[in-house]
Amino acid sequence: PLLHSHFCAGACPGFPRTLGQARALDGICELDLVISLNIPFETLKDRLSARWVHPASGRVYNMDFNPPHTQGVDDLTGEPLVQREDDRPEAVAARLRKYKDAAKPVIELYKSRGILHSFSGTETNKIWPYVYTLLSSRIPPILSEEEH
């Protein structure tokens, strides 16, 4: 099986996040490949801090990638958007530090097993071709019915 473990810019980091989770996963399956996406701390902090929500509906906006039509208000209702406490820059920085500390032994574990492949960057379209090449070399192509 493949495992995708990473420092992501989304809502939550990859899995496993702790050494305990990694050891529990060992009891379920043997991993062949672990991918770690290394994204600079400031990039992650900026992306996570750019998230705002419309509380009544749960609609999420990102001021960089998916901004509302009018700054600070929901597109459908015109009601104000709010930033969750854990999305504020100082809270994001603390979350990222905590995650990094917990994930370090997980990264070292998979590195020692020779199954960790790390990629660094800030843009998906620049990192993805390298990840795709690695995965393509490990996963046989799926043949269509006509190719059988």
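Just so it is clear, the model here is predicted, and its values are computed rather than measured. Nothing fancy with the numbering, it's 1 onward along the sequence.
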Hey, does [Y] have a side-chain heavy atom less than 4.5 Å from the side chain of [X]?
| X | Y | value |
| --- | --- | --- |
| E42 | T122 | no |
| P80 | H54 | no |
| Y110 | P16 | yes |

ask   = Does one hydrophobic cluster hold both M63 and V73, with members joined at side-chain heavy-atom distances below 4.5 Å?
value =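 Different clusters.
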key: L81-V53 co-clustered via ILVMFWY side chain contacts under 4.5 Å   =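 No: no chain of side-chain contacts under 4.5 Å links L81 to V53.
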Can you confirm whether [X] is buried at [atom1], in the sense that more than 12 heavy atoms of other residues, nucleotides or ligands lie under 6.0 Å from that atom?
| X | atom1 | result |
| --- | --- | --- |
| Y130 | OH | no |
| Y132 | OH | no |
| R23 | CZ | no |
| Q71 | CD | no |

Of all heavy-atom pairs between [X] and [Y], which one has the smallest distance, and what is that distance?
| X | Y | value |
| --- | --- | --- |
| P89 | S49 | CA-OG, 3.3 Å |
| P67 | Y61 | C-CD2, 4.0 Å |
| R51 | R84 | NH2-NH2, 3.6 Å |
| D75 | T70 | OD1-N, 4.3 Å |
| V82 | W52 | C-CE3, 3.3 Å |
| D26 | R113 | OD2-NH2, 2.7 Å |

NZ/NE/NH1/NH2 to OD/OE distance under 4.0 Å, R59 and D74 =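 Here R59 pairs with D74 in a salt bridge, since their nearest N and O are under 4.0 Å apart.
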query = Should the pair D87-R95 be classified as a salt bridge under the 4.0 Å nitrogen-to-oxygen rule?
reply =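 Salt bridge flag = yes for R95 with D87.
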To the nearest 0.5 Å, what is the distance between [atom1] on [X] and [atom2] on [Y]?
| X | Y | atom1 | atom2 | value |
| --- | --- | --- | --- | --- |
| F119 | I39 | CZ | CD1 | 13.0 Å |
| N38 | I107 | CG | CD1 | 7.0 Å |
| L44 | L96 | CG | CG | 5.5 Å |
| L37 | I127 | CG | CD1 | 5.5 Å |

side-chain contact (heavy atoms from CB on, under 4.5 Å) between L135 and L33, worked out = CA-CA 9 Å; L135 294 176; L33 173 66; 3.6 Å; yes
key: Working for side-chain contact (heavy atoms from CB on, under 4.5 Å), residues V34 and V106   = CA-CA 10 Å; V34 176; V106 176; over 6 Å; no
